[in-house]
Amino acid sequence: MASSVVPTAQPYVVEDCRGVLQLLSDGTVVRSGALPFPVGNGADHEDGRVEWKDAVYDAFRCLGLRMYKPTRNGGEEGKKLPVLVYFHGGGFCIGSFAWPNFHAGCLRLAAEIPAVVLSFDYRLAPEHRLPAAHEDAAAALLWLRDQLASDPWVAGVVDPHRVFVSGESAGGNIAHHLALRFGTAGLDPVRIAGYILLMPAFLSEQPTQSELDTPATAFLTREASDRYTRLFLPAGANKDHPLVNPFASDAPSLDKLDVGRMLVIAAEGDMLRDKNVEYAERLRAARGDEVELLVFAGEEHAFFALKPTSEVAGELVQVIRRFLATEAAN
């Protein structure tokens with residue numbers, strides 16, 4: 001009697017993040033080298049105003065960063081530069097400092113502030129769910145503390161008392177958690193002078209009005225956001241976990257957050273707008289004018305990363321420049 005052979009079911013796609021990341025039914029994670037969105041002409045901004053190099057901050061985990069340094073100090077030769085730490089976005093699942101859009105944005109920040117910019121990678125989900133990214137970011141700051149005095153590429157060029165921690169989207173969420181951990185004095189002798197959160201990824205189980213109003217044509221939709229959270233949250237966690245909801249019942253109190261000065265940027269057309277505004281307003285109620293909030297009219301989520309060479313990206317860079325300059329004046 002002939003035996004029948006049951007064909008083996010082929011793995012199929014369970015989750016797809018912009019074609020860059022796919023999770024298959026058998027648990028396999030497939031990553032593509034393709035970029036999820038175009039950057040536009042002239043995105044690299046390689047005009048000689050900034051030099052850069054790559055480095056490794058965690059050899060065991062193969063985690064690196066890209067370091068940017070202006071070739072000219074904005075007409076103030078001899079004056080030490082601030083340090084701007086930058087964590088990219090990508091829903092904790094995709095992205096790298098080497099992506100052209102993030103590279104272009106960091107080149108612009110370094111040239112136009114001017115500042116030494118350090119753009120760090122971190123482990124990505126679903127292979128490494130939160131809090132892996134937060135742990136890597138903390139390790140990055142500890143590496144920076146030692147590096148500022150020992151690396152001849154930056155030693156003597158930067159002011160270790162003017163370090164600012166920033167990030168966009170997922171990176172903004174990371175910056176918040178670094179503020180919780182380090183505040184202003186947690187990197188002694190390096191001083192963190194302030195935090196800059198660009199459209200930080202804050203969520204909750206109860207949708208906000210800006211989430212409900214977000215159209216299906218938006219860059220970040222509720223469907224896409226839910227896909228990311230399924231991939232990056234710890235197993236069994238929901239969107240009221242303190243990792244993504246700073247207002248959760250078991251989240252650290254924002255009233256006691258000693259972060260120095262903070263700049264929060266929101267986008268009018270972003271589903272995260274209401275959460276971003278609430279975050280800034282709660283902090284401002286506790287810390288007064290140390291907290292600044294600016295909502296960019298007509299813009300969507302992650303507009304700086306999506307169009308780093310645009311006019312509105314230039315406006316954002318100038319806002320950041322003024323924020324850093326105000327700290328220096330104080």
Side-chain angles (χ1 to χ4, degrees), residues 42-53 55 65-89 97 100-120 140-141 144 147-148 151 153-168 171-172 174-175 178-179 184 187 190-199 259-265 290 292-294 296 302-305 307-330:
D44 280 349
H45 262 233
E46 299 281 8
D47 55 10
R49 293 185 297 169
V50 175
E51 56 182 311
W52 57 271
K53 70 171 186 174
L65 72 150
R66 185 160 288 175
M67 307 170 68
Y68 301 82
K69 181 173 66 175
T71 54
R72 296 180 299 276
N73 191 357
E76 299 182 79
E77 299 304 327
K79 183 178 180 180
K80 291 189 176 181
L81 295 166
V83 177
L84 181 64
V85 175
Y86 178 80
F87 294 98
H88 65 74
F97 67 71
N101 53 314
F102 299 135
H103 179 61
C106 288
L107 282 169
R108 193 164 192 181
L109 288 165
E112 296 180 17
I113 290 178
V116 167
V117 176
L118 306 180
S119 178
F120 289 91
L141 291 193
L144 173 149
Q147 203 71 11
L148 290 187
D151 185 343
W153 203 74
V154 292
V157 176
V158 301
D159 182 348
H161 296 109
R162 295 182 63 211
V163 174
F164 295 82
V165 177
S166 71
E168 185 172 19
I174 288 172
L178 291 173
T184 58
L187 275 184
V190 169
R191 175 177 174 266
I192 301 178
Y195 293 84
I196 302 168
L197 279 59
L198 310 178
M199 297 150 280
V259 298
R261 296 176 62 245
M262 179 175 282
L263 172 64
V264 180
I265 299 296
E290 286 190 320
E292 298 181 38
L293 168 67
L294 183 61
F296 273 73
F303 67 85
F304 182 64
K307 42 187 182 181
T309 63
S310 66
E311 182 177 345
V312 69
E315 294 173 9
L316 175 57
V317 171
Q318 291 308 307
V319 168
I320 295 172
R321 177 180 180 173
R322 287 194 294 271
F323 180 76
L324 270 61
T326 300
E327 192 280 335
N330 293 337

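We're numbering straight along the sequence, starting at 1.
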- Message: Please evaluate residues Phe164 and Ile320 with respect to the criterion side chain to side chain contact (heavy atoms under 4.5 Å, CB included), reporting the C-alpha separation (whole Å), side-chain torsions for both, the decisive distance (0.1 Å), and the verdict.
- Response: CA-CA 10 Å; Phe164 295 82; Ile320 295 172; over 6 Å; no

- Task: Check step by step if side chain to side chain contact (heavy atoms under 4.5 Å, CB included) holds for Arg49 and Arg72.
- Result: CA-CA 7 Å; Arg49 293 185 297 169; Arg72 296 180 299 276; 3.5 Å; yes

- Query: Do Leu65 and Leu144 pass the side chain to side chain contact (heavy atoms under 4.5 Å, CB included) test, and can you show the C-alpha distance, the side-chain angles, and the key distance before you say yes or no?
  - Reply: CA-CA 11 Å; Leu65 72 150; Leu144 173 149; over 6 Å; no

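The closest side-chain heavy-atom distance from Leu84 to Ile196 is below 4.5 Å. Annotation: side chain of Val163 is in contact with side chain of Leu148 (closest heavy-atom distance under 4.5 Å). Side chains of Lys53 and Lys69 form no contact here, defined as non-hydrogen atoms less than 4.5 Å apart. In this structure, the side chains of His103 and Trp52 come closer than 4.5 Å at one or more pairs of heavy atoms. Annotation: side chain of Glu292 is not in contact with side chain of Leu294 (no heavy-atom distance under 4.5 Å). The shortest side-chain heavy-atom distance between Leu141 and Ile192 falls under the 4.5 Å cut-off. Here the side chains of Arg321 and Glu112 are not in contact, with every heavy-atom distance at 4.5 Å or above. Counting heavy atoms from C-beta outward, Phe304 and Ile265 have side chains that stay 4.5 Å or more apart.
Note that CD1 of Ile174 is 10.5 Å distant from CG of Leu197, once rounded to the nearest 0.5 Å. Atom CZ in Arg261 sits 5.5 Å away from atom OG1 in Thr326 (nearest 0.5 Å). To the nearest 0.5 Å, atom CD of residue Glu168 and atom OH of residue Tyr86 are 4.5 Å apart. The NZ atom of Lys80 lies 9.5 Å from the NE2 atom of His161; values are rounded to the nearest 0.5 Å. Taking CG of Leu81 as the reference point, atom CD1 of Ile113 lies at 10.0 Å (rounded to 0.5 Å). Interatomic distance, Arg162 CZ to Arg191 CZ, rounded to the nearest 0.5 Å: 10.0 Å.
What you find for Tyr68 and Ser119 is that their closest heavy atoms are CE1-CB, 4.1 Å. Nearest heavy-atom pair across Pro70 and Ala110 is CG-O, 3.2 Å. Scanning all heavy atoms of the two residues, the minimum distance from Gly260 to Glu290 falls at O-OE1, 3.7 Å. Counting all heavy atoms, side chain and backbone alike, Phe87 lies closest to Val165 at CE1-CG1, 4.2 Å.
A distance-only check finds no donor-acceptor pair linking the side chain of Thr309 to the backbone of Ala104 [under 3.5 Å]. Although no hydrogens or angles enter the test, the distance criterion places a donor-acceptor pair under 3.5 Å between the side chain of Arg108 and the main chain of Pro308.
For Glu315, there are no salt bridge (charged side-chain N to carboxylate O under 4.0 Å, His left out) partners at least two apart in sequence or on another chain. A search for ring-ring contact (aromatic ring centres under 6.0 Å, His included) contacts involving Phe303 returns Phe296, not counting sequence neighbours. Applying the side chain to side chain donor-acceptor pair (under 3.5 Å) test to Gln318 and every residue at least two apart in sequence or in another chain returns nothing.
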